[in-house]
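Inspection log for the structure reproduced underneath, given as structure tokens.
Chain identifiers are assigned alphabetically (A, B, ...) following the order of the sequence lines, protein sequences preceding nucleic acid strands; residue numbering begins at 1 within each chain. Predicted model, so just to flag it, every value in this text is computed and none were measured.
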Number of protein chains: 2
Amino acid sequence: MEAIDSIDQNLLRLLQADGRATYSELAGRVGLSVAATKRRIDRLCAAGVITGFTALVDQTKLGWAVEAFTEVRYVGTTPPEDMLRAMSEIPEVAAAYTIAGDPDVLVKLRARDNRHLQNVIERLRRGRATGTKSMIVLDAYRREG
Amino acid sequence: MEAIDSIDQNLLRLLQADGRATYSELAGRVGLSVAATKRRIDRLCAAGVITGFTALVDQTKLGWAVEAFTEVRYVGTTPPEDMLRAMSEIPEVAAAYTIAGDPDVLVKLRARDNRHLQNVIERLRRGRATGTKSMIVLDAYRREG
DNA sequence: TTTGAAACAACTTCGTT
DNA sequence: AACGAAGTTGTTTCAAA
């Protein structure tokens, strides 16, 4: 993979701030032609530096008001891949992270309300999980989005 | 705010999957004209359902290899807003969540390496924090991106 | 609210430097 | 690697239904 110079870093920053910015707008900001700008962005995508583009959606406005993190502990023999696979099969799981140490997995959840959250946590605990500890989010700061 | 129908939900899903999809492509997929499609998306943005568009960047490819979550506890009199503000001032903080119960804040961190992470955690602990517990991410599943 | 058409803007490719 | 030009495609607005 090619080295990432300051122009590339600028493009990444601009595209993180506005993923639908036009090539001509980006070109103007980084001081290159439209063609050169597109070439660099195509390269960043091909190299896997940019993994995609997405719309940021306010889940609260869609009626999913509850956000929570749950720590999950598993029986000692469970392979980490199995933990993540089990979590990925639960639709309310927004993300899951295997952890060095204790707990084994940290799961980010989205639910409509507390009753729904309780139901999700029940499903998390099925299988080889030995215990959970949940933290309900009251407020959040997010660097992007 | 207007009700969100199944066409809107489809548009949200399509834009989350590809934030740079063209209006004509989206129009074809939802079975509306380009003009009607644009109108709906403009409305979703204006209503705050769509809060923005962003490029998903693989931080590992930029040399930020370490991801961690840190639980932070504060002295009892600290207002939650102050906790989030303090966290937001640390560039390596990707997100911070105030929590009901114990701990007070859960912080998502990005660092170049373990030495850098240690330095970040030192900075987290300054101010009114009374204690931290860090969890280094080994592997992750993310529903989008 | 949707449509179709028209004017405008942006994208993408290609030959050149 | 970048540029500029040319052909293609997409965006945005507007009158009509």
Side-chain angles (χ1 to χ4, degrees), chain A residues 1-65 112 142-145, chain B residues 1-65 112 142-145:
Chain A
M1 180 177 58
E2 294 284 322
I4 284 155
D5 65 13
S6 67
I7 294 177
D8 288 331
Q9 287 184 334
N10 252 319
L11 287 172
L12 290 174
R13 190 176 47 74
L14 292 166
L15 282 170
Q16 283 184 292
D18 179 7
R20 278 184 88 86
T22 63
Y23 291 121
S24 50
E25 188 179 328
L26 297 165
R29 289 195 192 255
V30 300
L32 287 182
S33 69
V34 171
T37 300
K38 180 182 188 303
R39 197 171 123 83
R40 279 172 178 262
I41 293 170
D42 287 348
R43 173 169 292 182
L44 288 167
C45 288
V49 176
I50 295 173
T51 60
F53 293 90
T54 193
L56 300 168
V57 174
D58 183 345
Q59 300 295 333
T60 303
K61 290 240 164 69
L62 297 178
W64 291 66
R112 286 184 293 273
R142 293 169 226 266
R143 189 158 298 274
E144 57 211 42
Chain B
M1 179 179 57
E2 295 283 323
I4 284 157
D5 65 13
S6 65
I7 294 177
D8 288 331
Q9 287 183 333
N10 251 320
L11 287 172
L12 290 173
R13 190 176 45 76
L14 291 167
L15 282 170
Q16 282 184 293
D18 179 8
R20 279 184 86 86
T22 63
Y23 292 119
S24 47
E25 187 179 328
L26 296 165
R29 291 197 191 254
V30 300
L32 287 183
S33 69
V34 170
T37 300
K38 179 182 189 306
R39 199 172 121 82
R40 280 171 178 263
I41 292 170
D42 287 346
R43 173 168 292 182
L44 288 167
C45 289
V49 177
I50 295 173
T51 60
F53 294 91
T54 192
L56 300 169
V57 174
D58 183 346
Q59 299 296 334
T60 303
K61 289 242 163 68
L62 297 178
W64 291 66
R112 286 185 293 273
R142 293 168 225 267
R143 189 159 299 273
E144 54 211 42

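Among all heavy-atom pairs drawn from F53(A) and G19(A), the shortest one is CD2-O, 3.7 Å. Taking each heavy atom of Q16(A) and Q59(B) in turn, the nearest pair found is NE2-NE2, 4.0 Å. Looking at every heavy atom in both residues, D8(A) comes nearest to I4(A) through CB-CG2, 3.5 Å.
Contact annotation: R40(A) does not reach the phosphate of dA1(D) (side-chain N/O to OP1 or OP2, under 4.0 Å).
For the pair D5(A) CG and dA1(D) P, the interatomic distance rounds to 9 Å; values are reported in whole Å. Rounded to an integer number of Å, the gap from L32(B) CG to dT1(C) C1' is 10 Å. dT1(C) atom C1' lies 12 Å from atom CG of D8(B), rounded to whole Å.
Under the side-chain hydrogen bond (donor to acceptor under 3.5 Å, both in side chains) criterion, N10(A) pairs with R13(A), not counting sequence neighbours.
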Legend entry - Contact pattern, 5' to 3', of nucleotides 11-17 of chain C - B, S or - by protein heavy atom under 4.0 Å: SBB----

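Using a 4.0 Å heavy-atom cutoff across all strands shown, R39(B) reaches at least one base atom of the nucleic acid. Across all strands, A36(B) comes closer than 4.0 Å to base atoms (heavy-atom distances).
Between D5(A) and R40(A) the shortest side-chain heavy-atom distance falls below 4.5 Å. The closest side-chain heavy-atom distance from T37(A) to R29(A) is not below 4.5 Å.
Counting only heavy atoms from C-beta on, R43(B) has its side chain closest to dT1(C) among dT2(C), dT3(C), dT1(C).
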